[in-house]
Amino acid sequence: MNYFFCGIGGIGMSSVALWLAANGHRISGSDRGFDKGENTVLKTTLLKAGIQLCPQDGSGITDATDCLVVSSAVEESIPDVQEALRRKIPIQKRSQMLAQIFHSHPVRIAVGGTSGKTTITAMIGHILHETGKEPTVINGGIMLNNYGGEASNLLLGKGKICVIEADESDGSIDLYRPTVAVVSNISLDHKPIEELLPLFRKFAEKAETGAVLNADCPYTGRLRGKAPKTVTFSLTGRPADFIGEKITPFNGGMTFQMNGIDGSLAVPGMHNVADALAAIGAVALTGIDPMAALKALASYKGTKRRLEKIGTVHKITVYDDYAHNPEKIAASLSTVKAGGGRVFAIFQPHGFAPTRLMKDDLITAFVQHTDENDFLLFPEIFYQGGTVAKDISSADLVKALKAQKRAAFFFPKRPDIIPFITEHARPQDQVLIMGARDSSLTDFAKEILTVLGGQK
């Protein structure tokens with residue numbers, strides 16, 4: 001088949017495209033980020049895989065194109081879509097393609113939840129790889145363990161097990177029929193709780209072997225008994241199959257005990273310990289010894305943009321993070337705050353509708369996990385195009401945070417944040433860049449580090 005991916009630079013789109021290319025299909029695609037000169041690392045990865053890249057102007061769609069693949073965010077007005085419609089070429093969603101790949105494997109692990117999906121997916125894949133299961137992993141983030149190749153959002157294996165990150169934001173989670181379903185947690189994100197619960201309930205019900213649930217989340221508790229078997233995990237001492245205790249941070253990592261057995265992670269944060277327990281629970285349902293899984297996780301390196309340390313200059317550390325909902329922001333801020341020093345938290349909201357929905361909870365997360373000595377810096381909401389109501393601004397968040405006695409600032413032009421940081425930052429401070437969907441945020445974090453490095 002000859003597939004054309006519109007928006008192939010998206011992290012989810014590229015992983016599916018790479019899998020199809022590795023399995024003998026002809027792949028081409030376009031991305032407006034590539035047209036702007038952005039995301040060059042992923043562009044190089046796609047080119048190395050033999051994928052042809054075209055401008056996003058419709059020129060890549062030809063009579064040789066068998067199918068156009070689009071994400072849920074792609075609108076009909078985009079030239080590639082218009083040309084496919086004109087030529088009457090079939091159009092499929094990325095989630096439909098992922099479902100086909102997923103269901104072609106005998107053992108299927110799907111990771112859902114409003115926080116932690118990418119990390120848990122990567123951890124499960126790492127355990128399975130280290131225990132010789134040769135899994136296929138299709139993830140929504142770059143896995144930093146490179147398994148003999150480059151760090152990637154795709155791990156190609158010859159085994160029977162496929163692990164995927166299942167997205168609830170567009171409802172595509174409903175497409176998957178997992179052997180094992182993981183629900184890391186349920187909290188406010190792209191949809192209200194009353195809309196999320198039915199999605200995750202149905203997801204757990206479809207699990208053929210069992211579901212892994214967070215005993216510390218009140219909403220996942222409502223899913224108990226929906227799958228043939230339920231495995232639970234907890235960090236708070238609640239009754240659970242896998243309990244994390246004696247959790248202690250150390251030099252960028254964590255030590256802890258799982259059911260009384262010592263374990264360690266080379267990534268920081270309580271949330272990563274919870275994610276590790278979820279991953280161990282998932283592989284246990286496939287027959288992997290939990291103690292072997294715990295040992296395997298000691299060599300897990302993390303995922304890109306999940307509290308990724310960009311570097312330290314003049315004793316100022318810069319982190320890049322995908323946090324974009326209140327729970328993720330709270331986890332990242334609490335982890336960075338535990339390192340000491342003031343925090344310069346830069347948060348770029350990732351859409352007008354999500355910001356409108358989460359506004360109050362976002363403000364609460366920042367107030368609860370910062371103090372009056374920290375700096376909260378907000379560029380304008382990231383806009384990817386399309387017809388949306390632009391009836392909220394980052395300036396509205398700043399106004400509310402100032403009322404809560406936080407040093408919050410709005411920057412209509414994001415580059416203006418850099419001189420602010422260079423003027424105010426001092427040794428032991430930590431700079432945390434947070435936001436989703438905008439691939440340029442990593443380059444922004446690196447630019448901040450570079451500029452700080454040039455300071456006397």
Side-chain angles (χ1 to χ4, degrees), residues 9-16 18-19 39 41-42 71-72 94-95 98 102 109-129 135-147 151-155 162-170 172-173 176 178 180-187 189-190 200 203 212 214 265-283 297 300-309 319-325 327-332 335 350 354 433-439 441-442:
I11 196 69
M13 291 283 278
S14 60
S15 59
V16 173
L18 287 166
W19 188 94
N39 211 358
V41 174
L42 179 56
S71 72
S72 58
R94 176 257 181 192
S95 54
L98 178 58
F102 185 55
I109 303 175
V111 182
T114 46
S115 296
K117 294 187 292 292
T118 302
T119 296
I120 296 170
T121 301
M123 285 180 167
I124 292 171
H126 184 69
I127 294 168
L128 293 171
H129 179 270
T136 289
V137 183
I138 302 175
N139 207 349
I142 303 295
M143 298 171 284
L144 297 180
N145 291 85
N146 59 32
Y147 308 110
S152 177
N153 49 356
L154 173 69
L155 171 58
C162 182
V163 188
I164 67 167
E165 177 180 336
D167 190 7
E168 81 290 337
S169 65
D170 59 359
S172 61
I173 193 171
Y176 310 121
V180 174
V182 179
V183 183
S184 60
N185 47 35
I186 303 174
S187 63
D189 198 336
H190 298 85
F200 287 118
F203 177 59
V212 180
N214 184 351
L265 292 170
V267 288
M270 295 280 288
H271 59 291
N272 276 315
V273 178
D275 292 344
L277 298 182
I280 291 168
V283 299
L297 283 175
Y300 170 74
K301 294 182 179 179
T303 54
K304 194 170 181 61
R305 296 212 70 228
R306 270 60 180 183
L307 208 59
E308 182 183 4
K309 183 178 177 180
Y319 295 93
D320 182 28
D321 193 68
Y322 194 75
H324 60 277
N325 68 26
E327 188 167 12
K328 290 184 176 78
I329 289 167
S332 296
T335 301
H350 72 290
I433 293 90
M434 296 180 288
R437 295 186 179 175
D438 182 358
S439 60
L441 283 171
T442 298

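Keep in mind it's a predicted model, so treat the numbers as computed, not measured.
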Open item on the list: For a quick test of reading the model, state the closest non-hydrogen atom pair linking D321 to S332 and the distance between them.
Closed with: OD2-OG, 2.7 Å
Task: Donor-acceptor under 3.5 Å (S172 side chain, S95 main chain) - done: no
Task: For T303 against A122, the heavy-atom pair lying closest together - done: CG2-CB, 3.4 Å
Task: Minimum heavy-atom distance between N145 and K301, given as atom pair plus value - done: OD1-N, 2.7 Å
- [ ] Would you sort out whether N214 and S184 count as a side-chain hydrogen bond (donor to acceptor under 3.5 Å, both in side chains), showing the intermediate values?
- [x] CA-CA 6 Å; N214 184 351; S184 60; over 6 Å; no
Open item on the list: With a 4.5 Å cut-off on side-chain heavy atoms, are L277 and V212 touching?
Closed with: no
Task: Student check: side-chain heavy atoms of K304 and T442 closer than 4.5 Å - done: yes
Open item on the list: Any heavy-atom pair between the side chains of H126 and M143 that's under 4.5 Å?
Closed with: no
Open item on the list: Testing the basics here: between S15 and R94, what is the closest heavy-atom pair and its distance to 0.1 Å?
Closed with: OG-NH2, 3.8 Å
TODO: Mind checking the CD1-OG spacing from I142 to S152? Nearest 0.5 Å is all I need.
DONE: 5.5 Å
Open item on the list: Could you report the tightest heavy-atom contact between R305 and A436, atom names first, then the distance?
Closed with: NH1-CA, 4.4 Å
Task: L144 vs Y300, side-chain contact (heavy atoms from CB on, under 4.5 Å): CA-CA, chis, key distance, verdict - done: CA-CA 8 Å; L144 297 180; Y300 170 74; over 6 Å; no
Open item on the list: Are the side chains of V283 and I124 in contact, using a 4.5 Å heavy-atom criterion?
Closed with: yes
- [ ] May I ask you to check whether S187 and T114 show a side-chain donor-acceptor distance below 3.5 Å?
- [x] yes
Open item on the list: Could you check whether R306 makes a cation-pi contact with Y322, meaning its NZ or CZ is under 6.0 Å from the centre of the six-membered ring and within 45° of the ring axis?
Closed with: yes
Open item on the list: Is the shortest side-chain heavy-atom distance between I109 and I164 below 4.5 Å?
Closed with: no
Task: Member of T119, T118, N153 meeting the side chain to side chain donor-acceptor pair (under 3.5 Å) criterion with E165 - done: T118
TODO: Hey, could you give me the SG/CG distance between C162 and L98, rounded to the nearest 0.5 Å?
DONE: 7.0 Å
- [ ] Identify the two heavy atoms, one from A276 and one from L297, that lie closest to each other, and give their separation to 0.1 Å.
- [x] CB-CD1, 3.7 Å
Task: Pairwise side-chain contact, P178 with F203, heavy-atom cut-off 4.5 Å (strictly under) - done: yes
Open item on the list: Ring-plane angle category for H129 and Y147, please: parallel below 30°, perpendicular beyond 60°, tilted otherwise.
Closed with: tilted
- [ ] Check whether any side-chain heavy atom of I329 lies under 4.5 Å from a side-chain heavy atom of M434, and answer yes or no.
- [x] yes
TODO: May I ask you to test the E327-I186 pair for a side-chain heavy-atom distance under 4.5 Å?
DONE: no
TODO: Would you give the length of the straight line joining atom CG of D275 to atom OG1 of T121, rounded to the nearest 0.5 angstrom?
DONE: 9.5 Å
